[in-house]
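I have placed the structure first, in the form of structure tokens, so that the comments after it can refer back to it.
All of these numbers come straight from a predicted model, not from anything done at the bench.
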Amino acid sequence: MPVCGRRISPLFLSAFAVVAAGLAQTARAHPPAPFIQGIDPLEAGLIGTAPSAEAAQFGALRDQSEAVTDAIFDRIRDLSRALALGLPRSASAPDSSRLAAAADPSDPGAWIDASGSYLADTAAVGYHGSNVIALTGLDTVIDKRWVAGFSAGYTHDDLIFKSVASERTANGAVFGPYAAYIIAPHLSLNGLFNYTRLSNSILSVFPGPNGSFGSNRLIGAGELDFYADKGPFKLTGFGGYSYSWEGADNNLLSATPPFSNTLRYGVLKLGGEAGYQTGATELYLPLKFEYETTSPRDGTGRAALVVGAGVRYRWSAALKLGLVATTTQLKSHYEDVLIAGNLRVSF
């Protein structure tokens, strides 16, 4: 066939025909869903984003529930230990020229706890990002057997989805009461309840969804604690259960499976810490085993081991500072590193 005075080779025409046939077959096998399959681009964006959005929503629920309960129970254990062992708050600290007379454990107290964590879910619908919790509380002792308190604070998370070009952010106020009962020397029973009102946002590249919605979160938890001191060594053991529920307002993903307006997170916990007191400083190693009794909604495993290291320092009889870092291990498709600091004051 002459073209511009030249003849095209039959071999070239045959090769061109083979390539064209291959491209046509590929197009038939993998059509652009929004157009060839008759799906609206925005609907396709919802379908693609929903699994990751639910996974991130659940991941935030789990991480923030753990951060809130850990902060409050750490405060309760510090106070319950002194009451259960019949010791003043600074009795475990040797004499120091910087320390005044010990504060009575029945004195009212206030505390502040702030934590930041990085979490990553490597499952197919995974996510990664940061979570921040800031809490403050007031408590008092009643009849040297009961601890009653109230906490309030702020929570924020920013999670980027792995499978789609989207991210989730949330901000909320968290508050609720907590209490403890000193059962006997070395033994106490602790409990808490929290409510959080969240404002959630999903930001996506077109055709993914963009919008905001509210949600309500409830957290209830209880644990039994055991305390034992031997010289400079301080041992604490605990076992308990925590259950969290979150219900979202109707939003742009409500009718898109598998996204659900209701999420649940229940977990059994067994753990403790071993501490060593030297002067006004206590060094300690926390250890906690967790097993989720509800089905994880983000592709991760049920079991986890949380390990870490921390330090507590008594600045004065009425002021105590703390810093701790933990990491989550053995949980499939999941990484979590947390750093928390706290300050506690007795009046």
Side-chain angles (χ1 to χ4, degrees), residues 66 69-96 99 101-107 109 111 113 139-149 178-192 221-242 267-291 304-315 317-326 329 340 342 344 346:
E66 290 302 308
T69 55
D70 284 351
I72 296 175
F73 277 154
D74 187 62
R75 163 59 181 171
I76 296 176
R77 292 188 204 110
D78 184 51
L79 185 53
S80 297
R81 162 183 285 276
L83 295 168
L85 296 179
L87 300 174
R89 286 183 179 174
S90 62
S92 56
D95 292 338
S96 169
L99 300 183
D104 191 297
S106 61
D107 290 342
W111 55 272
D113 190 290
D139 49 46
T140 189
V141 175
I142 303 172
D143 197 30
K144 296 189 180 296
R145 302 284 287 188
W146 290 91
V147 177
Y178 59 89
Y181 176 69
I182 311 305
I183 300 173
H186 308 283
L187 200 63
S188 69
L189 181 65
N190 310 329
L192 65 84
E223 69 175 30
L224 185 66
D225 294 344
F226 174 80
Y227 314 100
D229 289 359
K230 186 66 175 179
F233 296 98
K234 304 174 67 174
L235 301 176
T236 303
F238 62 84
Y241 185 74
S242 175
V267 59
L268 284 168
K269 306 176 187 180
L270 183 65
E273 65 178 49
Y276 181 80
Q277 192 79 39
T278 172
T281 303
E282 178 193 353
L283 306 174
Y284 68 99
L285 299 174
L287 180 69
K288 179 174 59 172
F289 174 77
E290 300 176 341
Y291 184 82
L305 185 67
V306 182
V307 298
V311 58
R312 299 184 181 105
Y313 180 75
R314 184 170 294 283
W315 182 264
L319 179 62
K320 192 174 185 179
L321 310 173
L323 183 67
V324 63
T326 63
Q329 302 293 321
N342 54 67
R344 293 156 187 176
S346 300

Exercise. So, are Lys320 and Asp78 salt-bridged, with charged N and O less than 4.0 Å apart?
Worked result: yes

Exercise. Of the non-hydrogen atoms in Pro286 and Val324, which two are nearest, and what is the gap between them?
Worked result: CG-CG2, 4.2 Å

Exercise. What is the distance from atom CD of Glu290 to atom CG of Leu305, rounded to the nearest 0.5 Å?
Worked result: 9.0 Å

For this session: Any chance you could measure Leu235, atom CG, to Tyr227, atom OH, to the nearest 0.5 Å?
Result: 13.0 Å

Exercise. What's the verdict on side chain to side chain contact (heavy atoms under 4.5 Å, CB included) for Asn190 and Ser80, showing C-alpha distance, side-chain angles and the deciding distance?
Worked result: CA-CA 9 Å; Asn190 310 329; Ser80 297; 3.9 Å; yes

Seminar exercise, completed: dist Gln277:CD -> Arg314:CZ (nearest 0.5 Å) comes out at 8.0 Å

For this session: Test Leu85 against Lys234 for side chain to side chain contact (heavy atoms under 4.5 Å, CB included), laying out the working first.
Result: CA-CA 11 Å; Leu85 296 179; Lys234 304 174 67 174; over 6 Å; no

Seminar exercise, completed: Between Ser188 and Ile182 the two heavy atoms that sit nearest each other are CB-CD1, 3.9 Å

For this session: Measure the spacing between CZ of Arg145 and CG of Leu83 and express it to the nearest 0.5 Å.
Result: 10.0 Å

Exercise. Are any non-hydrogen side-chain atoms of Lys269 and Val306 less than 4.5 angstrom apart?
Worked result: no

Exercise. Which is it for Asp229 and Arg81 under the side chain to side chain contact (heavy atoms under 4.5 Å, CB included) test, yes or no, and what are the steps along the way?
Worked result: CA-CA 10 Å; Asp229 289 359; Arg81 162 183 285 276; 2.4 Å; yes

Seminar exercise, completed: In short, Gly308 meets Leu285 closest at the heavy-atom pair O-CD2, 3.6 Å

For this session: List for me each residue that meets side chain to side chain donor-acceptor pair (under 3.5 Å) alongside Tyr178, sequence neighbours excluded, and say none if there are none.
Result: Trp111, Asp139

For this session: Check the pair Leu268 / Leu270 against side chain to side chain contact (heavy atoms under 4.5 Å, CB included), numbers first and verdict last.
Result: CA-CA 7 Å; Leu268 284 168; Leu270 183 65; over 6 Å; no

Exercise. Who passes side chain to side chain donor-acceptor pair (under 3.5 Å) against Asp70, sequence neighbours left out?
Worked result: Lys288

For this session: Look up atom CD1 in Ile76 and atom CG in Asp225, then write down how far apart they are to the nearest 0.5 Å.
Result: 8.5 Å

Problem set entry | Arg312 CZ to Leu321 CG distance, which is reported to the nearest 0.5 Å | 12.0 Å

